[in-house]
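For reference, the structure discussed in these notes is given below.
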Amino acid sequence: VLTVEALAKTYPSRGSAGPPALNGVSFEVAEGEFFTLLGPSGCGKTTTLQCIAGLETPSAGRIVMGGRTVCSVAENLFVPPNRRDLGMVFQSYAIWPHMTVFDNVAFPLVHGPRKVERSAVAARVRKALARVMSNAVAEEMLAVYFLECRNELLTAWLDLLGLEHENGTLKGDEAPA
């Protein structure tokens with residue numbers, strides 16, 4: 001589903017090429033597989049994810065998603081982020097911190113490119129949140145946001161996620177407006 005080949009990224013430094021942020025990064029993620037980039041601060045994890053998402057343009061390399069090349073420096077090919085059919089979670093507390101957990105999960109179902117019938121939204125969100133909460137894996141809460149939207153690829157990096165709840169019951173447990 002995701003192939004990254006010889007990915008490189010160098011940021012300019014005072015008019016010349018600086019040290020490489022990425023140098024020959026290659027890996028493959030199979031369909032249904034969860035994949036983690038792990039390493040010390042400054043090793044290129046975020047830069048790699050930003051290149052995959054299309055938020056950064058690599059200096060070299062190729063990225064293939066779902067059998068479709070979305071970036072090839074050699075072929076001068078770059079598919080913009082909004083045409084890559086992927087979901088992404090930034091390193092912040094929540095996608096929209098002013099919204100409840102329920103509304104954050106419901107958002108792509110109501111407003112995304114593959115809208116769900118309004119009558120089905122509440123059940124889908126409750127089912128997704130129950131699956132996450134029963135596994136006691138809070139980080140997966142935001143992953144549900146994308147999985148329930150049926151994205152082909154999930155790109156997520158998280159620092160910390162707090163879930164609003166009271167005695168095990170999520171707050172904001174109603175259909176979005």
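The residues of the chain are indexed from 1 along the displayed sequence. For clarity, every value in this text was computed on a predicted model and none was experimentally measured. Below, each value reflects all heavy atoms present in this structure, side chains not excepted, and no hydrogens, waters or symmetry copies.
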Query - Separation of Lys9 NZ from Glu56 CD (nearest 0.5 Å) - result: 4.5 Å

Report task. Give the cluster check for Phe35 versus Ile52: same hydrophobic cluster or not, with ILVMFWY residues linked at side-chain heavy-atom distances below 4.5 Å. Result -> yes

Report task. Using a 4.5 Å cut-off on heavy atoms from C-beta on, say whether the side chain of Val79 contacts that of Arg68. Result -> yes

Report task. Taking all non-hydrogen atoms of both residues into account, name the closest pair between Met65 and Val70 and its distance. Result -> SD-CG2, 3.5 Å

Requested in this report: Find the distance between CG (Leu49) and CG (Leu37) and round it off to the nearest 0.5 Å.
Outcome: 5.0 Å

Report task. Check whether more than 12 heavy atoms from other residues, nucleotides or ligands sit under 6.0 Å from atom CD of Glu33, and answer yes or no. Result -> yes

Query raised in the report: Is there a donor-acceptor pair under 3.5 Å between the side chain of Ser26 and the backbone N or O of Ala6?
Result: yes

Report summary line: Here the pair of heavy atoms bringing Lys115 nearest to His111 is NZ-O, 3.8 Å

Query - Nearest heavy-atom neighbours spanning Val64 and Thr69 - result: CG2-OG1, 3.7 Å

Query raised in the report: For Ala122 and Phe102, which heavy atoms make the closest approach, and how far apart are they?
Result: CA-CZ, 3.8 Å

Report task. Give the minimum heavy-atom separation between Val110 and Arg118, together with the two atoms involved. Result -> CG1-NH2, 3.9 Å

**Report entry** Heavy-atom pair with the smallest gap, counting every atom of Asn23 and Pro20
**Finding:** CB-CB, 4.3 Å

Requested in this report: Rounded to the nearest 0.5 Å, what's the gap from SG on Cys51 to CG on Leu7? Could you check?
Outcome: 5.0 Å

Query raised in the report: Between atom CG of Leu55 and atom OG1 of Thr47, what is the distance when rounded to the nearest 0.5 Å?
Result: 11.0 Å

Report task. For residues Leu2 and Ile63, determine if any side-chain heavy atom of one lies less than 4.5 Å from a side-chain heavy atom of the other. Result -> yes

Query raised in the report: Side chains of Ser59 and Val73: closer than 4.5 Å at any heavy-atom pair?
Result: no

**Report entry** Side chain to side chain, Val29 and Val1, heavy atoms closer than 4.5 Å
**Finding:** no

Query - Inter-residue atom distance Phe78.CZ - Arg84.CZ, 0.5 Å rounding - result: 4.5 Å

